[in-house]
2 protein chains.
Amino acid sequence: MDTTVGLRERKKAETRQAVHEAALRLAVEHGLDAVTVEMIVDAANISRRTFSNYFAGKEDAVLYGEEQRIRRLLELVRAQPPGMTAWQALRRSVEEMYHLEGEPVREWAVRTRLARRHPALLDRQLGNLAGLERDLADAIADRESTVPPAVTAAAFLVALRLATHTWTEEDEARTLLDVVDETLALMARPFT
Amino acid sequence: MDTTVGLRERKKAETRQAVHEAALRLAVEHGLDAVTVEMIVDAANISRRTFSNYFAGKEDAVLYGEEQRIRRLLELVRAQPPGMTAWQALRRSVEEMYHLEGEPVREWAVRTRLARRHPALLDRQLGNLAGLERDLADAIADRESTVPPAVTAAAFLVALRLATHTWTEEDEARTLLDVVDETLALMARPFT
DNA sequence: AGGCAAACTTTCCCACTGCGCATATATTTG
DNA sequence: CAAATATATGCGCAGTGGGAAAGTTTGCCT
């Protein structure tokens with residue numbers, strides 16, 4: 001391992017983050033379609049072309065935070081002790097995620113609400129989730145489970161998505177974790 | 001009700017279908033990104049501007065068939081006799097869909113494979129599914145079920161998606177309906 | 001330090017897309 | 001059959017994506 005992150009990479013990450021934040025702020029403020037790339041690059045002090053070096057479009061810039069979260073969750077799952085079943089590893093990872101992130105969860109809700117208003121964003125978000133589903137399935141492939149990894153991963157993510165939805169709708173009366181638990185329990189019930 | 005569909009509307013639908021087919025064919029042939037709108041309109045014998053009157057972009061043109069399928073499935077669900085539980089109505093509708101469509105299922109697999117190669121397409125496809133999920137939840141809201149409609153709809157669509165995936169991967173050894181059945185059964189199993 | 005190579009950013013530049021507007025053409029209705 | 005209505009087309013503009021080349025910053029080696 002190399003603790004030297006390197007100045008170059010640090011600056012790059014910094015820029016990316018700055019662009020992302022500018023994009024998100026502007027999108028929340030004016031609505032996504034009213035935001036042009038020029039506004040973003042202007043707010044982030046980079047050239048129009050450089051933007052394209054970092055993101056393929058405004059949507060990607062706005063959703064960059066989401067991707068980071070996804071990567072983190074994935075690593076948490078991979079880091080779970082091998083004794084756990086697939087399902088346990090997933091559940092535990094969300095808990096850790098929840099405690100790790102702490103308050104930013106609220107800002108995450110903002111992004112979710114924003115996405116609901118803009119189909120293009122929603123689509124890309126779902127695409128990201130699909131990618132996560134694949135990676136999650138791989139990550140839990142070696143663990144004990146009553147069903148194939150792909151099914152486990154899919155069911156888990158659906159529960160997570162539904163839970164987030166109802167959570168944002170009921171104005172955070174309960175904690176997100178509680179809603180997730182309940183939804184997971186519902187998913188496990190047989191359908192007839 | 002007005003049995004007169006009107007010549008105008010018929011021609012319109014015809015044009016839309018023609019554009020769709022041209023787009024799909026070209027996309028499969030050259031890959032989506034290598035296809036420009038001009039190629040499509042050229043193949044469909046309409047003007048560049050007219051294309052925009054029908055579709056917002058090439059992706060929409062390619063996925064038009066999918067949207068049609070979605071609408072049809074939705075109507076099938078709505079048409080199920082009221083006695084059925086939510087789950088039964090859904091299952092029955094897929095069966096009917098399967099028998100109704102007959103062979104085109106194969107051409108549907110083509111679209112699926114195509115989508116897998118082009119993230120933009122996949123995203124939009126997932127977006128369409130999300131829309132269907134909402135509509136399905138509404139459509140089964142009044143039926144008997146052990147879980148909320150949203151959960152039922154989500155679980156059902158996930159099963160459908162997973163089943164289609166494995167089905168296209170195993171080269172259609174079994175019938176799609178069988179794979180769906182199996183996946184639905186797996187989904188119903190408890191996770192621990 | 002000094003200097004070189006690789007990586008990154010910027011400036012031009014052009015093709016593609018989405019869409020508004022005015023106009024021409026076709027369909028329906030009374 | 002003529003007026004009302006809806007659709008198709010051509011033109012043009014703003015926004016986007018991405019290639020090429022020149023300038024700048026960073027990493028590394030002597």
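By convention in this document, chain letters (A, B, ...) are assigned in the order of the sequence lines, proteins followed by strands, and residues within each chain are numbered from 1.
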Output the rounded distance in Å from [atom1] ([X]) to [atom2] ([N]).
X: B:D42; N: C:dC16; atom1: CG; atom2: P; answer: 13 Å
X: B:R10; N: D:dT7; atom1: CZ; atom2: C1'; answer: 16 Å
X: B:N53; N: C:dG18; atom1: CG; atom2: C1'; answer: 11 Å
X: A:E14; N: D:dT25; atom1: CD; atom2: C1'; answer: 15 Å
X: A:R16; N: C:dC8; atom1: CZ; atom2: C1'; answer: 12 Å
X: B:I46; N: D:dT7; atom1: CD1; atom2: C1'; answer: 12 Å
X: A:I40; N: D:dG17; atom1: CD1; atom2: C1'; answer: 14 Å
X: A:R48; N: C:dT9; atom1: CZ; atom2: P; answer: 15 Å

Are [X] and [Y] close enough for a salt bridge, meaning some N to O gap below 4.0 Å?
X: B:R124; Y: B:E66; value: no
X: B:R91; Y: B:E95; value: yes
X: A:E67; Y: A:R71; value: yes

task: Measure from the side chain of A:K58, starting at C-beta and using heavy atoms only, and say which of D:dT16, D:dG27, D:dG18 lies closest.
output: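 So the side chain of A:K58 is nearest to D:dT16.
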- line: Checking C:dC8, C:dT10, C:dC19 against the side chain of A:T50 (C-beta onward), the nearest is C:dT10
- prompt: CH2 of B:W87 to CD1 of B:I140: how many Å apart, nearest 0.5 Å?
  reply: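 That separation rounds to 9.0 Å.
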- prompt: Between C:dC19 and B:S52, is there an OP1 or OP2 to side-chain N/O distance shorter than 4.0 Å?
  reply: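 Checking C:dC19 against B:S52, no side-chain N or O comes under 4.0 Å of OP1 or OP2.
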- prompt: For C:dT10, does OP1 or OP2 lie under 4.0 Å from any side-chain N or O of A:S47?
  reply: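 Answer yes for this pair, as a side-chain N or O of A:S47 is under 4.0 Å from OP1 or OP2.
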Tell me what [X] touches on the nucleic acid: a base, only sugar-phosphate, or nothing, going by heavy atoms under 4.0 Å.
X: A:T36; result: sugar-phosphate
X: A:F55; result: nothing
X: B:Y54; result: sugar-phosphate

- prompt: In terms of the nearest nucleotide of DNA chain D, which residue is placed more toward the 5' end: A:K11 or A:V37?
  reply: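 Final value for this comparison: A:V37.
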message: Looking at the base of D:dG19, is there any donor atom on it, or on the side chain of A:R49, that sits under 3.5 Å from an acceptor on the other one?
response: yes
message: Tell me whether the count of non-hydrogen atoms from other residues, nucleotides or ligands lying under 6.0 Å of CZ in B:R116 goes above 12.
response: yes
